[in-house]
There are 2 protein chains.
Amino acid sequence: MTPPPSAKQKILDSALTIIRAKGYEATTVEDLCQAAGVTKGAFFHHFTSKEDLAVAAAEHWSGVTGELFRLAPYHRHDDPLDRVLGYLDFRKALIRGTLPEFTCLVGTMVQETFGTHPAIREASRKSLVGNAEALVQDIDLAKKKYAPGAAWTSRSLALHTQAVIQGAFILSKACDDPGVAMDTIDHLRRYLECCFKDPNNG
Amino acid sequence: MTPPPSAKQKILDSALTIIRAKGYEATTVEDLCQAAGVTKGAFFHHFTSKEDLAVAAAEHWSGVTGELFRLAPYHRHDDPLDRVLGYLDFRKALIRGTLPEFTCLVGTMVQETFGTHPAIREASRKSLVGNAEALVQDIDLAKKKYAPGAAWTSRSLALHTQAVIQGAFILSKACDDPGVAMDTIDHLRRYLECCFKDPNNG
DNA sequence: GACAACATACCAACCAGTTGGTATGTTGTG
DNA sequence: CACAACATACCAACTGGTTGGTATGTTGTC
């Protein structure tokens, strides 16, 4: 049924894991080849450079996570605010296992490469902003319903959710404790409830 | 009066700038030596390894930023909530110049090294948690005054502020736009106001 | 047989760390 | 004070292993 995974797919899948565990610079091409079970010839057949692989990995990440959120159950709620809060509950539920398993590839990469690899920065930006944009519509509907006069924009609040989630990962990494990320998402959820409770807030 | 800066100090100061711009792994020992105007011999006289330098740089960073916040004007407010909000205004005001100039050294380093360099992770944790702990007392006083029955702990909220600020930097790096970080700090400020407005919130 | 998908063998550049040395204090002692 | 013994701060040159990337096969398939 499913065709055997090609070398390209195996490299991309390995990249998600290894770069999240070691970072972009510390990950060598040979690390990726070994994890994928292919040779360097195969690697440079499919990618022109290590940077090219990182850009492709960011796009692969966008595809994987985009699909994950698109199919998630929180979209079933009738109320747009329930969908927004359900997104946060879903993000919190994803925090399990080891840190490299639940933290964000593009957040990790952009931290290292924003000043040195513009192509990776841009691919990371697209992924992060794409996640935010998937939220804007529901935030906008909830705003019209519950807080039409609020000072903040839906786009700004959507970007804020992504920033908080990224920050939660950094603190978790520093403390080597997934619980710190969960606590921060709890605070974020409380903020959103607050945003939609009183239209004069903000 | 002030003695000429020693090689060690020059290396540490250079490290703050260069590691923030390029990340830990991409920064070479020679990069640091060149920026500091010293030789590799001097480097390895003062630091046993590149990792050792990173730990020392994180501690240097803690000292520099700790002093900056300790001397900042927001402590003058009589009301503890004003001091907490004043801290956020101060953090926002620090966002100027280029990204490597205002983003956080330890947040950058821990992202790359949490799984590979435990000593750097621990030094980064101490710096981040230290920043949070400097806030806990004022948050606690404000909580007793304005929201004694709130569900959240002062420590958890203090850690949350640090997480949001770190996340703000990541989004700014991805978008190559300091304004994104400012917007996120505005949201954080609104959240804190909300936390202390109604003791039933949370 | 032409072309894509790989594998093998290899290289030049780079990089963390070493070596062997000099110059300038500092300290203990008669 | 004088002077030996030692420590600190620093430098220039070198090294051995690593790394991104290349050049050249080989193999399966249309």
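To find a chain, count down the sequence lines: A is the first, B the second, and so on, and within it residues start at 1. What you see below is based on every heavy atom in this structure, not just the backbone, and it leaves out hydrogens, waters and symmetry mates.
- C/dC6 atom P lies 8 Å from atom NZ of A/K10, rounded to whole Å.
- In this structure, B/T39 reaches the bases: a heavy-atom distance under 4.0 Å links it to at least one base atom across the strands shown.
- In a base pair of the Watson-Crick type (N1 to N3 plus N6-O4 or O6-N4) or a G-U wobble (N1-O2 and O6-N3), with each distance short of 3.5 Å, C/dA4 is matched with D/dT27.
- As a whole-Å value, the separation of A/F43 CZ from C/dA5 C1' is 16 Å.
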Exercise for review: List the steps, then state whether side chain to side chain donor-acceptor pair (under 3.5 Å) holds for A/K22 with A/T17.
Suggested key: CA-CA 9 Å; A/K22 304 178 49 166; A/T17 303; over 6 Å; no

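- Comparing B/E30 and B/K8 by the nucleotide of DNA chain D whose heavy atom lies nearest to each, the residue mapping closer to the 5' end is B/K8.
- Atom-to-atom distance recorded for B/K10:NZ and B/D13:CG is 10.5 Å, nearest 0.5 angstrom.
- A/Y24 and A/H117 have their aromatic ring centers within a separation under 6.0 angstrom.
- Listed nucleotides C/dC6, C/dA16, D/dC10 differ in distance to B/A42; the shortest reach to its side chain belongs to D/dC10.
- Here the P atom of nucleotide C/dA16 and the CD atom of B/E25 are 9 Å apart, to the nearest Å.
- Using a 4.0 Å cutoff on non-hydrogen atoms, the parts of residues 44-54 of chain B near DNA chain C are B/F44, B/S49, B/K50, ordered by number.
- Atom pair A/Q34:CD and D/dT19:C1' shows a separation of 14 Å (rounding to whole Å applied).
- B/Y74 and B/D138 share no donor-acceptor pair across their side chains, judged by distance under 3.5 Å alone.
- For the pair B/T48 (side chain) and B/F44 (backbone), a donor-acceptor distance under 3.5 Å is absent.
- If you measure from atom CD1 of A/I11 to atom P of D/dG21, you get 14 Å, rounded to the nearest angstrom.
- Within the 6.0 Å centre-distance limit, the rings of B/F196 and B/W152 are counted as a close aromatic pair.
- In this structure, the ring of A/Y87 has its center no less than 6.0 angstrom from the ring center of A/H75.
- Between the side chain of B/K40 and the base of C/dA16, at least one donor-acceptor pair of N or O atoms lies under 3.5 Å.
- Checking C/dC6, C/dA7, C/dC15 against every side-chain atom of A/V38, the shortest atom distance belongs to C/dA7.
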